[in-house]
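Working notes for the structure below.
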Amino acid sequence: PDADIAPPENVLFVCKLNPVTQDDDLEILFSRFGDIKKCEVIRDPKTGDSLNYAFVEFATKDQCELAYLKMDNVLIDDRRIKVDFSQSVSKVWNRYRRKETMGALPGDVQGGGRGGGGRGPNRDGGSGRYNGRGGPPGAGVPGRSNSRWGSGSILKPQA
């Protein structure tokens, strides 16, 4: 992200959560400080398990500051949580990037979207596994075998 983008001032980062703590639990606890726009416990995309941290977005900066002052080091579900102001700019950055690419059509992007590929050969002209470096380690080096463990023979210095 750009250095010019500042993190939002109305979002708290909450960490050291108990894995059993849910979005609704946090929303109830933090809602006494003001209107909550969004409350999300971050989860592993594959398993759905809690990653033990969350973001709580308030309607105003003042509500956010009050919650920060009152909720840091509070015990929730037998865990002492840590609360700080969010430093993440990912949502702001994603919004910025979406505006920037709105004019491009899906077919205009080289590589065809998701899934990689479409990159062509590497800088040095190689496009295979060894990227133009001449093969596996030891290839073409006198006295070295191409096998991973060596051939057992060592070149002896000439007398």
Carefully, step by step, assess V11 and V56 under the rule side chain to side chain contact (heavy atoms under 4.5 Å, CB included).
CA-CA 6 Å; V11 180; V56 181; over 6 Å; no
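Every residue two or more places apart in sequence or in another chain that forms a side chain to side chain contact (heavy atoms under 4.5 Å, CB included) with R32 is listed here: M71. Partners of D35 by side chain to side chain contact (heavy atoms under 4.5 Å, CB included), not counting sequence neighbours, listed by chain and number: A59, Q63. Remark: K38 engages E40 in a salt bridge (Lys or Arg N to Asp or Glu O under 4.0 Å) (not counting sequence neighbours). Checked against side chain to side chain contact (heavy atoms under 4.5 Å, CB included), D44 has the following partners two or more places apart in sequence or in another chain: K46, T47, L51.
Cluster partners of I28 are absent, since no Ile, Leu, Val, Met, Phe, Trp or Tyr has side-chain heavy atoms less than 4.5 Å from it.
The ring pair (Phe, Tyr, Trp, His ring centres under 6.0 Å) pairs that include a residue from residues 7-28 are F13-Y53, F13-F55, where partners are two or more places apart or lie in different chains. The ring pair (Phe, Tyr, Trp, His ring centres under 6.0 Å) pairs that include a residue from residues 15-39 number zero, where partners must be two or more places apart or lie in different chains. The salt bridge (Lys or Arg N to Asp or Glu O under 4.0 Å) pairs that include a residue from residues 7-21 are E9-K61, where partners are two or more places apart or lie in different chains.
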Per-pair distances, 0.1 Å, donor-acceptor, side chain in residues 17-24, under 3.5 Å, sequence neighbours excluded:
residue: N18; atom: OD1; partner: V20; partner atom: N; Å: 3.1
residue: N18; atom: ND2; partner: D77; partner atom: O; Å: 2.6
residue: T21; atom: OG1; partner: N18; partner atom: O; Å: 3.3
residue: T21; atom: OG1; partner: D77; partner atom: OD2; Å: 2.6
residue: Q22; atom: OE1; partner: R43; partner atom: NH2; Å: 3.0
residue: Q22; atom: NE2; partner: V20; partner atom: O; Å: 3.4
residue: D23; atom: OD1; partner: V41; partner atom: N; Å: 3.0

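Both L66 and F85 belong to a common hydrophobic cluster when Ile, Leu, Val, Met, Phe, Trp and Tyr are linked at side-chain heavy-atom distances under 4.5 angstrom. Residues F58 and Y68 share a hydrophobic cluster, clusters being chains of Ile/Leu/Val/Met/Phe/Trp/Tyr side chains in contact below 4.5 Å.
Contact annotation: the side chain of K82 never approaches that of V14 to less than 4.5 Å [non-hydrogen atoms, C-beta and beyond].
Remark: I81 CD1 to L29 CG distance equals 8.0 Å, nearest 0.5 Å. Between the CG atom in L12 and the CG atom in D84 there is a gap of 8.5 Å [rounded to 0.5 Å].
R80 contributes no side-chain N or O that, together with a main-chain N or O of V74, makes up a donor-acceptor pair within less than 3.5 Å.
Smallest separation of non-hydrogen atoms from P8 and S88: CD-O, 3.5 Å.
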